[in-house]
Amino acid sequence: MNDNNLEKLYNDFRASLSKPGSAYFDEDDIIDIYDYAADNNDDFIRLEALMYAARMFPDSVEMADRRNYFYYYLGIDSGVESRLRSQSELSPLGRLLKIRMEGAAGADIAPKLERFVVTLADKLTDEEAIQIAATASVNDSGYAWMTGNARRIADRCDSPVTFIFEVVNYAREADDFSTALKMAEELTMLEPFNVEFWEIQATILVELSRYDEAVSAADYALAVDPSAPESLRLKGYALFSRDGCSKEAYDFLKRGFSPEMDSRYMHAYHVVAPDYETPDSIIDKTCRYLDKHPDDQIMLTTLALMGAGDRFEKRLTSVVEPHIDGIKDSIPWNTWALSLITTDPDAAAVILNEAASRDIATPAGVDILFEAVYRSGHYGAIESIFKVLEAQSKSYLPVARLALVMSLVRCDRRDEALVRAKEFLNDIPDMPDLMVMAATPMQAQLMADSLERRLRNIIAALEAPEIPPVDDFDPFGL
């Protein structure tokens, strides 16, 4: 059945769920519907198809197998074991699932897999080929058996390509790139006009740092389809990895650019592009990429360093919004901000302000925020942010206090700065407040002493007959 017909069948089944009894689907239909839903990660339709089969085709071996695997993927191992024991004769998929569960428990499954293969009456179907690879990969004994016998197992499959493709994927997951490359070469020999297989081979060669061969594999793919985006990107990335910021590497990365592309291509493009493209064009591509990859912290940082202004702020917010319920710890935010505080205080301020607005900023993080805002020269903003702290009874933070006083000085509001400095000197935070930020009582005392000394220096400067240059008494060292 072609994809259009499968999609129609799937949609018809979904529509029928709101009108029970309005349509009939035979066993083959339900199998196709279930598999299509599985391919599209639609667990709701998978479950509905299983329930339909249980009512209409209770003796269906194929749907029983799918139900067992569905339970297994949900982690209902005891239920799967009970169902497998209750079946008088297991299908090939049922036998594989039983072996898989034993392998997951640590058993040596190589002999059982060998027995499974040699006793098969028929060749492995595509689904059985997929599952024998998955089963073998659950532990080292199974994986060694599979990779050592891959060609022989492939010959027992209706479609050797299906099995070999799975072996390539599992080998890459295991960082077994020599096996992955050997099997990928098998794929290109079996189907030399398959662009995806050449791309897989090129990708593995890049992972092995064999860039000349990676370029050659990408060329084969481009000979089949000169406009294949992934092939263009792969060639550009291999050229970049081999030659650095060459014009040829840039040309291929640019031709293959897509907002959906893998992060490594985007990172390479950002290194190469400044020699050949305007900053505005690069920022535009970066923003389009971040629309699809909002969590790419490297590219967000790059955007900040390029001075993208409000576009950086909008994308930072988009990082937080989808994960707001899961954010419990501000340490990553603090670390990120600290990494930028000297190179781009504007960006650091945006990051910490975002954390503070989500109520995930620690006291130390808020102090980082004040230092970042102060260092960025946004002195007028310090007072309004400090008022928020005062409303929350958190205005004891030492760096925040110093930032407020010095911001008033730099805004030529020196009388107000002097009043605030004396107010803070007479109200040095007590130990309970400082212990929120300090590891030990002594560290808290040192923080109090340091704050007092700096406030006295500022007061002395502001009360001097001739006020010295601000930079001479600025505790931030600007």
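Just so you know, these numbers use all the heavy atoms, side chains as well, and skip hydrogens, waters and symmetry mates.
- The aromatic rings of Tyr36 and Tyr10 are tilted relative to each other, their planes meeting at an angle between 30° and 60°.
- In this structure, CD1 in Ile283 is found 8.5 Å from OG1 in Thr278, a value given to the nearest 0.5 Å.
- Remark: side-chain polar atoms of Thr119 are paired, donor with acceptor, to backbone N or O of Arg115 under 3.5 angstrom.
- A donor atom on one side chain and an acceptor atom on the other are not found under 3.5 Å apart for Asp284 and Thr286.
- Looking only at distances, a side-chain donor or acceptor of Asn139 sits under 3.5 Å from a matching main-chain atom of Ala107.
- Below 30°, between 30° and 60°, or above 60°: for Tyr24 and Tyr52 the angle between ring planes is between 30° and 60°, a tilted geometry.
- Side-chain contact, Glu277 with Ser281: a donor N or O sits under 3.5 Å from an acceptor N or O.
- Applying the side chain to side chain contact (heavy atoms under 4.5 Å, CB included) test to Ala268 and every residue at least two apart in sequence or in another chain returns Tyr237, Phe240, Leu253.
- Proximity of Asn194 to Val161: side-chain heavy atoms (C-beta onward) are nowhere separated by under 4.5 Å.
- Between His267 and Arg264 the shortest side-chain heavy-atom distance does not fall below 4.5 Å.
- Within a 6.0 Å sphere centred on CG of Asp122, other residues, nucleotides and ligands contribute 12 heavy atoms or fewer.
- Of the inter-residue distances, the one linking Tyr71 atom OH with Leu97 atom CG reads 13.0 Å to the nearest 0.5 angstrom.
- Proximity of Val215 to Leu234: side-chain heavy atoms (C-beta onward) are nowhere separated by under 4.5 Å.
- For Tyr69 (side chain) and Leu93 (main-chain N/O), a donor-acceptor pair under 3.5 Å exists by modelled atom type.
- Panel note: side chain Tyr289, backbone Asp296; no donor-acceptor pair is recorded below 3.5 Å.
- Listed by chain and residue number, nothing satisfies the ring-ring contact (aromatic ring centres under 6.0 Å, His included) test with His270 (two or more places apart in sequence, or in another chain).
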Using a 3.5 Å cut-off and no angle test, enumerate the donor-acceptor pairs between side-chain atoms of residues 74-83 and protein atoms at least two apart in sequence or in another chain.
from: Arg83; atom 1: NE; to: Asn68; atom 2: OD1; distance (Å): 2.5
from: Arg83; atom 1: NH2; to: Asn68; atom 2: OD1; distance (Å): 3.4

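- For the side chain to side chain contact (heavy atoms under 4.5 Å, CB included) test, residues two or more places apart in sequence or in another chain that qualify with Glu186 are Arg151, Ile164, Met183, Met189.
- Every pair passing ring-ring contact (aromatic ring centres under 6.0 Å, His included) that includes a residue from residues 167-205 is listed here, sequence neighbours excluded: Trp198-Tyr220.
- With sequence neighbours left out, the side chain to side chain contact (heavy atoms under 4.5 Å, CB included) criterion links Ala171 to Tyr143, Asp176, Thr179, Ala180.
- Salt-bridge formation is not detected for the pair Glu7/Arg14: no Lys NZ or Arg NE/NH1/NH2 atom is positioned less than 4.0 Å from an Asp or Glu carboxylate oxygen.
- Formation of a donor-acceptor pair under 3.5 Å by the Arg100 side chain with backbone atoms of Ser137 is not found in this model.
- Counting heavy atoms from C-beta on, the side chains of Arg66 and Ile31 come closer than 4.5 Å.
- Glu62 and Ser60 share no side-chain donor-acceptor pair at under 3.5 Å.
- A 4.5 Å side-chain heavy-atom check between Tyr265 and Ser258 finds every atom pair outside the cut-off.
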Legend entry - Stepwise salt bridge (charged side-chain N to carboxylate O under 4.0 Å, His left out) test for Lys8 and Asp12: CA-CA 6 Å; Lys8 182 179 185 306; Asp12 288 346; 3.0 Å; yes
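- At most 12 heavy atoms of other shown residues, nucleotides or ligands fall within 6.0 angstrom of atom CD in Glu89.
- Annotation: the span from Phe257 atom CZ to Arg288 atom CZ amounts to 4.5 Å, rounded to 0.5 Å.
- Arg46 and Asp43 are joined by a salt bridge, as a carboxylate oxygen and a charged side-chain nitrogen come within less than 4.0 angstrom of each other.
- Ion pairing between Lys182 and Glu185 fails under the 4.0 Å rule for side-chain N and carboxylate O.
- More than 12 heavy atoms of other shown residues, nucleotides or ligands fall within 6.0 angstrom of atom NZ in Lys285.
- Counting non-hydrogen atoms of neighbouring residues, nucleotides and ligands closer than 6.0 angstrom, the CG atom of Asp140 reaches no more than 12 such neighbours.
- Rounding to the nearest 0.5 Å places CD1 of Ile99 at 12.0 Å from CD of Gln131.
- Taking 4.5 Å as the limit, some side-chain heavy atom of Arg172 sits within range of a side-chain heavy atom of Ile200.
- Between Asp158 and Thr125, the side chains place no donor N or O within less than 3.5 Å of an acceptor N or O (distance only, hydrogens not considered).
- For Gln201 (side chain) and Ala217 (main-chain N/O), no donor-acceptor pair under 3.5 Å exists by modelled atom type.
- Here the side chain of Arg156 pairs a donor or acceptor atom with the backbone of Val117 at under 3.5 angstrom.
- Looking at heavy atoms from C-beta onward, Pro274 lies in side-chain contact with Ile282 at the 4.5 angstrom threshold.
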